[in-house]
Amino acid sequence: MIIQNRPIPPIRQVQGEQQRTKSIEKKNIDTNKFANILQQQIQSQDKLKFSKHASMRLDVRQIELSDDQITRLEAGVSKAEAKGIKESLVLMDNVALVVNIENKTVVTALDQSEAREHVFTNIDGAVLI
């Protein structure tokens with residue numbers, strides 16, 4: 001159809017263009033959501049985690065780690081990772097912690113009196129903080 005010397009597209013063609021525009025917008029939103037989720041997962045991998053077992057041991061043994069101690073522990077884990085250690089014994093203040101360096105997860109925790117009586121196995125390095 002032509003009105004005032006300009007071609008006017010049929011309604012079906014206009015509707016099809018609107019649907020394509022909406023699908024492109026939806027794809028961009030989906031891509032942004034994925035990028036945000038991916039970024040969150042990458043950031044969470046950098047944080048030190050405590051296994052359920054380690055959390056229970058800390059509670060039972062009444063060991064509380066301050067923010068400063070956690071920061072020092074994270075620094076020790078980074079040093080162990082740089083040296084290629086996979087499972088490490090971390091000795092800090094009066095606490096002994098076994099840490100899986102690859103997963104950045106504290107596996108278990110002991111206080112100083114218990115650490116003297118135990119033999120630590122399945123570790124390939126130690127970090128003294």
Side-chain angles (χ1 to χ4, degrees):
M1 172 188 272
I2 297 178
I3 298 178
Q4 294 180 351
N5 294 328
R6 287 188 291 177
I8 305 296
I11 291 176
R12 288 184 185 149
Q13 183 180 356
V14 173
Q15 288 174 339
E17 287 177 12
Q18 286 178 342
Q19 289 174 349
R20 279 181 282 187
T21 303
K22 286 180 183 178
S23 67
I24 290 171
E25 288 172 358
K26 184 177 179 183
K27 286 180 184 177
N28 286 339
I29 291 170
D30 290 342
T31 302
N32 289 338
K33 285 182 185 177
F34 175 78
N36 289 338
I37 292 169
L38 179 63
Q39 188 64 31
Q40 289 172 354
Q41 290 298 316
I42 290 170
Q43 289 175 350
S44 71
Q45 288 177 349
D46 293 339
K47 293 183 179 180
L48 187 65
K49 300 175 285 273
F50 290 82
S51 70
K52 185 176 179 180
H53 176 79
S55 296
M56 287 177 17
R57 292 292 176 245
L58 289 167
D59 287 341
V60 168
R61 294 171 175 145
Q62 298 177 349
I63 300 170
E64 292 184 28
L65 298 176
S66 68
D67 291 338
D68 178 57
Q69 286 175 315
I70 291 175
T71 301
R72 290 171 39 214
L73 179 58
E74 288 173 342
V77 168
S78 294
K79 288 178 184 178
E81 185 176 32
K83 295 290 184 179
I85 298 172
K86 294 180 178 20
E87 291 281 338
S88 179
L89 172 64
V90 179
L91 300 173
M92 176 178 60
D93 301 334
N94 60 349
V95 180
L97 303 150
V98 176
V99 182
N100 179 299
I101 302 299
E102 291 176 318
N103 297 329
K104 295 189 180 187
T105 304
V106 176
V107 178
T108 194
L110 304 130
D111 63 15
Q112 186 176 6
S113 63
E114 291 175 318
R116 288 184 188 154
E117 301 170 6
H118 285 82
V119 174
F120 295 93
T121 60
N122 298 328
I123 61 169
D124 60 345
V127 178
L128 305 175
I129 304 174

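In what follows, residues are counted from 1 in the order of the sequence shown. Side chains are part of it too, since the values below use all heavy atoms of this structure and drop only hydrogens, waters and symmetry mates. Since this is a predicted model, take the numbers as computed values, not measurements.
Rounding to the nearest 0.5 Å places CD of Gln112 at 9.5 Å from CG of Asp93. One distance of note links CG of Leu73 with CE of Met92; it measures 5.0 Å at 0.5 Å rounding. Atom CG of Leu97 sits about 8.0 Å away from atom CG of Leu110, to the nearest 0.5 Å.
Residue Leu89 is not grouped with residue Val77 when hydrophobic side chains (ILVMFWY) are merged at heavy-atom distances under 4.5 angstrom, including chains of intermediate members. Hydrophobic clustering (side-chain heavy atoms under 4.5 Å, transitive across Ile, Leu, Val, Met, Phe, Trp, Tyr) groups Ile70 together with Val106. No single ILVMFWY cluster, assembled from side-chain heavy atoms under 4.5 Å apart, contains both Leu91 and Ile101. In this structure, Ile85 is a member of the same hydrophobic cluster as Leu48, with clusters built from ILVMFWY side-chain heavy atoms closer than 4.5 Å.
The side-chain contact (heavy atoms from CB on, under 4.5 Å) check on Thr108 picks up His53, Arg57, Arg61, Val98, with sequence neighbours excluded. With sequence neighbours left out, Asp68 forms a salt bridge (charged side-chain N to carboxylate O under 4.0 Å, His left out) with Arg72. Residues that satisfy the salt bridge (charged side-chain N to carboxylate O under 4.0 Å, His left out) test with Asp111, not counting sequence neighbours, are absent from this structure. Thr105 pairs by the side-chain contact (heavy atoms from CB on, under 4.5 Å) definition with Lys49, Ser51, Asn103, not counting sequence neighbours.
With contacts defined as side-chain heavy-atom distances shorter than 4.5 Å, the pair Leu65/Phe50 qualifies.
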Show me the donor-acceptor pairs, under 3.5 Å and distance only, between side chains in residues 120-129 and residues at least two apart or in other chains.
from: Asp124; atom 1: OD1; to: Lys86; atom 2: N; distance (Å): 3.1
from: Asp124; atom 1: OD1; to: Glu87; atom 2: N; distance (Å): 2.9
from: Asp124; atom 1: OD2; to: Lys86; atom 2: N; distance (Å): 3.2

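Glu74 places no side-chain N or O within donor-acceptor distance of the main-chain N or O of Thr71, the cut-off being under 3.5 Å.
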Any chance you could lay out the salt bridge (charged side-chain N to carboxylate O under 4.0 Å, His left out) test for Glu81 and Lys104, step after step, and finish with the verdict?
CA-CA 9 Å; Glu81 185 176 32; Lys104 295 189 180 187; 3.4 Å; yes
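Between Asn100 and Glu102 the shortest heavy-atom distance is OD1-N, 3.2 Å.
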